[in-house]
Amino acid sequence: MKRTLSDGFVGAVMAVESISDAVAFLHGPGGCRVRFMVHSSAIFPRVRLEDTDSYFTPYFYGYPRVPATYLDEYDYINGAYYKMEEGLPIVDGRKPGLIVIINSPGAALIGDNHERAIREAGLQDRAIYMDESLVSIPMTQGYDHTLLEIMKHLDPKKERTDKDTVNLIGVTVMDKDFKAAIEEFTENIESMGLKVKCVPGGGANLDDLRDSVNSEYCIVVSPEACQGLSEYYGSMGLKIIRSDAGAPVGFDATEAFYRKIAEVTGKDASTPIAKINKARDKIYQKFVGMRYNALRIKGLKFSAAGVASIVRPLTEWLYSYLAIAPIAVDVDLGADPIETQKLKDFLGSIDYAQSFGQEPKVGSNIVLCEGITAMTMRLNGECRIGIPIGHSTMGLDDVIPRPVYGIQGALYILDEILHGVRSS
């Protein structure tokens, strides 16, 4: 099935909206705004419901997230600088720490002078603009690039190195249940005697970002979403920690993630590893107790598609842990080359080389990818079990934490598979 993927334009807007005291000001038509204002509020709410009444002003029009200039046909012909000139002071009136102007793809063709609008509004210290063709790059690259530009604008000076402090990079608010994943990572990392100072792109504020350069380490979760940030922090003298097993997805890669952190920092990972072993034992006992349904899993066929650093450990884990067959494995644009090659090598080693580059197949027993595709295929009867793991997933119907990463992520995926087998 043909997948529906977010692009760098979406990544850029959501990267800004991931910063709790920044605002993305969209230069474009109202139709471009709708998805962003709903999506940002759903996955990372920042305004209390009772405060929304104060947003019935031009450019916000009753909704607090991602104000827009609402371009019309007149503006596309004659230019819309006047809307930016009028709108910037109104947006600034909400007292954000930073305004980031982002063009919609069509608005980029007009050529309105955002630099002049910022200068004339006297906002050079707290407003920037993104003038690239963001729609032509992958989502993760747009996200990373925007965060990097914001860091360059903030221009923090490294004043010291705070011993045993870390930043978590490569997490996005587009990751399913990202808050739950960050909470688990933070608890486990801090049990090792480290302190999580900042999660750029995962709910940090501007002061957090400024202080992040004083950390000792950066821990990479998903490299696709932080290539530029990794280089930036590396240039500031921070030590970059990246697991050879890929993103912490599934029990094996999650264990490798903490062991790598311990290896580089000299800390003891026994507490998080004990938690992983406890979860493994819990699943083993569950499989023994549900032996009939557990046996029905063996030999099923699955399709997996998404960020390479997530799909690679996921594919290895499902094949080795559950003995299910990867008949279609695809990676998103902007895939990390190291992760992609390791995935190809693994598939070749188990005689499934032909599965690489195949989008989710009709007839798969299990499909793991972005929620739109996974759920559509399940509802259409094109697969038995659809499991959202990708960036288009909001997770609005999840009350219990169900992220993709870490111990909770492994339990979520196994839970979905067992429920699907039981119901079939």
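Heads up: numbering here begins at 1 and tracks the sequence. Quantities reported herein were computed from a predicted structural model and do not represent experimental measurements.
- Although no hydrogens or angles enter the test, the distance criterion places no donor-acceptor pair under 3.5 Å between the side chain of Arg65 and the main chain of His39.
- Of the possible polar contacts, one joining the Asp7 side chain to the Val10 backbone as a donor-acceptor pair under 3.5 Å is found.
- Around atom NZ of Lys278, no more than 12 heavy atoms belonging to other residues, nucleotides or ligands sit under 6.0 Å away.
- Ion pair Glu255/Arg280 flagged as a salt bridge, since at least one NZ, NE, NH1 or NH2 atom sits closer than 4.0 Å to an Asp/Glu carboxylate oxygen.
- Remark: Asp211 engages Arg160 in a salt bridge, criterion side-chain N to carboxylate O under 4.0 Å.
- The side-chain heavy atoms of Val249 and Tyr405, taken from C-beta on, include a pair separated by under 4.5 Å.
- Taking the six-membered ring for Trp and the full ring otherwise, the centers of Tyr63 and Phe36 sit at least 6.0 Å from each other.
- Contact check for Val196 versus Glu190: side-chain heavy atoms found under the 4.5 Å cut-off.
- Counting only N and O atoms by type, the side chains of Asn167 and Ser215 include a donor and acceptor under 3.5 Å apart.
- For Asp177 and Lys179, the salt-bridge test fails: no basic side-chain N is under 4.0 Å from an acidic carboxylate O.
- Between the side chains of Tyr233 and Ser212, at least one donor N or O lies within less than 3.5 Å of an accepting N or O.
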TODO: Verify side chain to side chain contact (heavy atoms under 4.5 Å, CB included) between Ser18 and Thr172, making sure each step is shown before the conclusion.
DONE: CA-CA 8 Å; Ser18 79; Thr172 81; over 6 Å; no
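- For Thr373 and Glu370, the side-chain atoms include at least one donor-acceptor pair closer than 3.5 Å.
- Side chains of Leu347 and Thr315 form a contact here, defined as non-hydrogen atoms less than 4.5 Å apart.
- A salt bridge is defined here as a Lys NZ or Arg NE, NH1 or NH2 lying under 4.0 Å from an Asp or Glu carboxylate O, and Lys275 with Glu187 meets this definition.
- Annotation: the span from Glu382 atom CD to Lys361 atom NZ amounts to 14.0 Å, rounded to 0.5 Å.
- Side-chain N/O atoms of Asp112 and His27 include a donor and acceptor closer than 3.5 Å.
- A salt bridge links Arg312 with Glu316: at least one charged nitrogen is closer than 4.0 Å to a carboxylate oxygen.
- Side-chain contact between Leu322 and Leu414: present, with at least one pair of heavy atoms (C-beta onward) separated by less than 4.5 Å.
- Within 6.0 Å of CD on Gln227 lie no more than 12 heavy atoms contributed by other residues, nucleotides or ligands.
- Under a cut-off of 6.0 angstrom, the local environment of CD1 in Ile400 is sparse, with at most 12 non-hydrogen atoms contributed by other residues, nucleotides or ligands.
- Under the 4.0 Å criterion applied to side-chain N and carboxylate O atoms, Arg402 and Asp415 are assigned as salt-bridge partners.
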- [ ] Mind running side chain to side chain contact (heavy atoms under 4.5 Å, CB included) on Asp175 and Val404 for me, showing each step along the way?
- [x] CA-CA 8 Å; Asp175 293 328; Val404 174; over 6 Å; no
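- Looking at Gln408, its side chain never comes within 3.5 Å of a backbone N or O of Glu184 through a donor-acceptor pair.
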Open item on the list: salt bridge (charged side-chain N to carboxylate O under 4.0 Å, His left out), that's the test. Do Asp208 and Arg210 meet it? Break it down for me.
Closed with: CA-CA 5 Å; Asp208 293 334; Arg210 292 185 182 98; over 6 Å; no
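- The closest donor-acceptor contact from the side chain of Ser355 to the backbone of Pro326 lies under 3.5 Å.
- Classification of the Tyr61-Tyr70 ring pair by plane angle, with boundaries at 30° and 60°, yields perpendicular.
- Panel note: side chain Asn214, backbone Glu159; a donor-acceptor pair is recorded below 3.5 Å.
- Judged purely by atom type and a 3.5 angstrom limit, Tyr143 uses its side chain to pair as donor or acceptor with the backbone of Val173.
- Taking the six-membered ring where the residue is Trp, Tyr319 and Tyr352 present perpendicular rings, their angle passing 60° and hence far from 30°.
- Within the 3.5 Å criterion, the main-chain N or O of Ala225 finds no donor-acceptor partner in the side chain of Thr140.
- The salt bridge (Lys or Arg N to Asp or Glu O under 4.0 Å) test with Glu216 is passed by exactly one of Lys239, Lys158, Lys267: Lys239.
- Judged by distance alone, the side chain of Glu17 and the main-chain N or O of Ala24 form a donor-acceptor pair under 3.5 Å.
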- [ ] Apply the test salt bridge (charged side-chain N to carboxylate O under 4.0 Å, His left out) to residues Arg259 and Glu263: give CA-CA distance (whole Å), side-chain angles for both, the deciding distance (0.1 Å), then the verdict.
- [x] CA-CA 6 Å; Arg259 289 193 183 279; Glu263 175 191 328; over 6 Å; no
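- Asp345 and Lys342 are not joined by a salt bridge, as no carboxylate oxygen comes within less than 4.0 angstrom of a charged side-chain nitrogen.
- Side-chain N or O atoms of Glu416 include none that pairs as donor or acceptor with a backbone N or O of Ile385 at under 3.5 Å.
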